[in-house]
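Below: the structure, in structure tokens.
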Number of protein chains: 2
Amino acid sequence: MKKVTIQDVAHKAGVSKSTVSQYLNQRFEYMGVETKEKIEIAIKELNYQPNILARSLKQKKTLTVGIIVANILHHYSTQVCRAIEDFFQGHNYHVIICNADDNPEKERKYIEMLRAKQVDGLIIVPTGENRELYKRLVAENYPLVFMDRKVEGININNVILNNRLAVHAAVFHFVEHGHKKIAMITRTPKVSVREERIKGYFEALEHHFLGNDVEFLRTTELENIQHEFARLMELKSPPTALLVGNDLVLMEVLKGVKKGRVAIPKQLSILTFDEVNFAELYDPPISTIAQPAYEMGTKAAELLLDQINGKQMEESRDYLFEGILHIRESIASLK
Amino acid sequence: MKKVTIQDVAHKAGVSKSTVSQYLNQRFEYMGVETKEKIEIAIKELNYQPNILARSLKQKKTLTVGIIVANILHHYSTQVCRAIEDFFQGHNYHVIICNADDNPEKERKYIEMLRAKQVDGLIIVPTGENRELYKRLVAENYPLVFMDRKVEGININNVILNNRLAVHAAVFHFVEHGHKKIAMITRTPKVSVREERIKGYFEALEHHFLGNDVEFLRTTELENIQHEFARLMELKSPPTALLVGNDLVLMEVLKGVKKGRVAIPKQLSILTFDEVNFAELYDPPISTIAQPAYEMGTKAAELLLDQINGKQMEESRDYLFEGILHIRESIASLK
DNA sequence: CTGAAAGCGCTAACAG
DNA sequence: CTGTTAGCGCTTTCAG
């Protein structure tokens with residue numbers, strides 16, 4: 001498994017290292033056509049592959065960017081990653097994807113690892129709990145874009161869903177169909193998304209004069225979702241409509257639906273955030289608020305590339321996208 | 001965004017580069033405790049991060065391995081990746097995951113990219129169509145393990161499911177429940193898995209004297225699965241049981257089930273390869289043949305690490321794992 | 001049009 | 001116990 005180096009190629013072709021380097025970098029303007037051919041042949045014969053490490057070390061850029069997603073199990077994350085990959089592929093960059101698994105410690109390690117590997121920039125769906133580290137990156141002016149979640153006090157480009165608006169739309173849809181007892185279930189609001197959604201939820205209830213029944217809002221860890229859902233349905237006056245925080249929460253809710261033999265949508269109408277691959281196949285088909293994940297990923301990638309190239313036009317700011325309602329049979333009309 | 005180098009640290013601490021390097025590599029046996037402290041402080045103050053690129057260049061190893069999966073959308077792939085990551089994390093290696101998207105061209109590019117990045121080894125779920133490239137890697141004695149799919153004529157460690165056995169078990173289960181018309185639907189058999197499964201299917205039919213109705217075997221591209229499924233159910237004598245090739249095929253079949261209003265399991269019993277996250281939630285719950293994906297990933301990782309460390313004990317060979325039947329309500333008894 | 005030489009940031013003998 | 005030195009494989013002036 002001997003590595004063949006540029007030196008070997010040069011030797012075989014009877015030229016110097018630098019000439020081979022020229023060749024590799026497509027600078028053959030002033031290169032003799034036969035030199036070129038000799039090099040070509042030597043490379044083929046030796047099956048030479050340049051060592052990117054050495055090149056990056058010299059050039060001080062790796063043409064590689066990193067993505068760290070909080071949790072790759074979300075359909076949203078995979079979509080976003082795909083978009084970013086597609087974008088950067090077209091710009092001759094490599095992309096390294098890391099999954100923090102909702103674990104701030106892992107996130108920290110990945111950030112440090114990627115920086116040590118000298119990636120040229122980072123797109124992060126932050127866990128939100130490494131504020132100091134984020135700050136340091138921003139202070140160093142390291143190319144960085146956040147997605148999906150904002151972190152208080154960090155001045156950075158954010159690509160996010162307009163969560164409040166999305167929740168307003170969801171609640172409005174329920175109200176239109178005659179629902180008055182509208183609940184929401186989501187994971188514990190450690191990150192901005194969930195906070196925004198909760199805020200939007202209360203705003204919407206208020207706007208529709210539906211009071212502000214704290215019992216109808218359930219926030220807990222994923223493991224307890226089933227339990228909380230059961231408790232929700234055991235209320236003396238249970239909700240007739242439920243807004244679900246994301247695809248993973250939905251899975252738990254549906255398990256609860258099954259266990260508790262809750263009739264959807266007769267007994268309870270359901271609307272969930274995020275696209276779910278089996279939404280259409282479930283009985284009844286589940287209504288969703290999809291995020292334009294691919295577009296959002298592309299936007300984040302563009303912003304990052306601009307930063308890398310020092311072409312950032314404006315101040316850092318939020319780039320808001322709108323949720324897309326897919327109304328299916330999981331919502332009953334009470335009118 | 002100035003990069004701080006080992007030189008800067010050395011300067012600030014008033015020692016030489018090499019001493020700092022010693023420190024970084026935990027060789028403080030013979031290091032003065034105050035030297036150590038000075039370095040410690042300098043690193044903190046400068047917020048120094050070693051440049052892995054430079055280190056790897058020198059050491060001729062990157063402590064990084066690559067995984068290339070044929071299609072990350074398979075639940076199997078994500079499980080496997082997780083296992084491999086967990087394993088290597090524990091051995092201080094980094095893992096880069098790439099998704100070939102069932103595209104041999106992409107696969108080739110990723111292999112070349114990862115090699116150029118000097119990863120120390122590769123675990124591949126091969127598309128099967130880059131035989132020459134695979135061969136070259138093997139010839140170079142490059143650390144390499146294949147998973148899930150064998151490639152004819154490549155002498156390499158393979159970690160795979162015993163597909164024939166799994167299909168035998170599946171057919172046996174159907175037969176036990178009185179099924180005689182057992183169909184199978186899967187993607188076009190470009191890779192060994194599918195071939196093995198088809199072979200196993202015919203073997204099992206023969207063994208149970210069920211004849212060899214070619215009409216009951218459907219192999220086609222993912223896009224045509226729905227169509228083929230419909231045709232299967234339109235036969236004058238349609239099957240009563242169906243074995244589904246994998247989770248993605250299942251999605252298509254279930255769409256077909258819905259469109260064609262096929263009653264599961266009354267009209268058709270279903271058993272699918274691979275775990276599916278909503279298997280339990282579907283109505284009726286879907287029976288599956290799970291692969292011990294996590295164990296398989298771990299095994300592959302072990303094999304790779306041994307190769308990297310030159311500790312490969314035996315000849316390359318196949319490591320077979322057994323499928324795990326999860327029988328749920330999607331299978332009716334005809335007795 | 002091509003080659004010599006310096007250097008990217010780090011490690012690894014080997015002196016001292 | 002610490003510093004000097006020589007590279008890892010590549011790119012990049014700058015001569016020729």
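Chain A is the first sequence line, chain B the second, and so forth, proteins listed ahead of strands; every chain is numbered from 1. Note that the structure is a prediction, hence the values are computed from the model and not measured.
Relative orientation of the B/Phe88 and B/Tyr93 rings is tilted, given thresholds of 30° and 60° on the angle between their planes.
Distance from the side chain of B/Ser18 is smallest to C/dA13 among C/dC10, C/dC8, C/dA13. Set against C/dG9, D/dT2, C/dG3, the side chain of B/Thr5 has C/dG9 as its closest nucleotide. The A/Gln22 side chain lies nearest to C/dG3 when the options are C/dG9, C/dG3, C/dC10. Comparing C/dC10, D/dG9, D/dT2 against the side chain of B/Thr35 picks out D/dT2 as the nearest. Among D/dC10, C/dT11, C/dC8, the nucleotide with an atom closest to any side-chain atom of B/Arg55 is C/dT11. Distance from the side chain of B/Ile6 is smallest to C/dC10 among D/dT11, C/dG9, C/dC10.
Contact annotation: A/Thr19 reaches the phosphate of C/dG3 (side-chain N/O to OP1 or OP2, under 4.0 Å). Note on A/Ser21: every side-chain N or O is 4.0 Å or more away from OP1 and OP2 of D/dC10. The side chain of A/Asn51 contributes no N or O atom lying less than 4.0 Å from OP1 or OP2 of D/dC8.
Rounded to whole Å, atom P of C/dC10 lies 9 Å from atom CG of B/Asp8. Look at CG on B/Leu57: it is 9 Å from P on D/dC8, rounded to the nearest Å. B/Lys58 has its NZ atom 8 Å from the C1' atom of C/dC10, to the nearest Å. Whole-Å rounding puts the A/Asn25 CG to D/dT11 P distance at 5 Å. Whole-Å rounding puts the A/Gln7 CD to C/dG3 P distance at 12 Å. Taking atom CD on A/Gln59 and atom P on C/dA6, their separation rounds to 21 Å, with Å as the unit. Between the CG atom of B/Leu63 and the P atom of C/dT11 there is a distance of 12 Å, given to the nearest Å. Per the geometry, CD1 belonging to B/Ile39 stands 9 Å off P belonging to D/dG3, to the nearest Å.
Comparing A/Glu34 and B/Val20, the nucleotide of DNA chain C nearest to each residue sits closer to the 5' end for A/Glu34. Nearest-nucleotide mapping onto DNA chain D: of B/Val33 and A/Ala54, the residue sitting toward the 5' end is B/Val33.
The 12-atom threshold is exceeded at CG of A/Asn47, counting heavy atoms of other residues, nucleotides or ligands nearer than 6.0 Å. Around atom NZ of B/Lys109, no more than 12 heavy atoms belonging to other residues, nucleotides or ligands sit under 6.0 Å away. Around atom NE2 of A/His75, more than 12 heavy atoms belonging to other residues, nucleotides or ligands sit under 6.0 Å away.
A salt bridge does not link B/Lys44 with B/Glu40: every distance from a Lys NZ or Arg NE/NH1/NH2 to an Asp or Glu carboxylate oxygen is 4.0 Å or more.
Interatomic distance, A/Leu53 CG to B/Gln118 CD, rounded to the nearest 0.5 Å: 5.5 Å.
Using a 4.0 Å heavy-atom cutoff across all strands shown, B/Lys60 reaches sugar-phosphate atoms only and no base atom. Among the protein residues, A/Tyr48 comes within range of the sugar-phosphate backbone only, with heavy atoms under 4.0 Å from sugar or phosphate atoms but none that close to a base.
The base of D/dG9 is not paired with the side chain of A/Lys17 by any donor and acceptor separated by under 3.5 Å.
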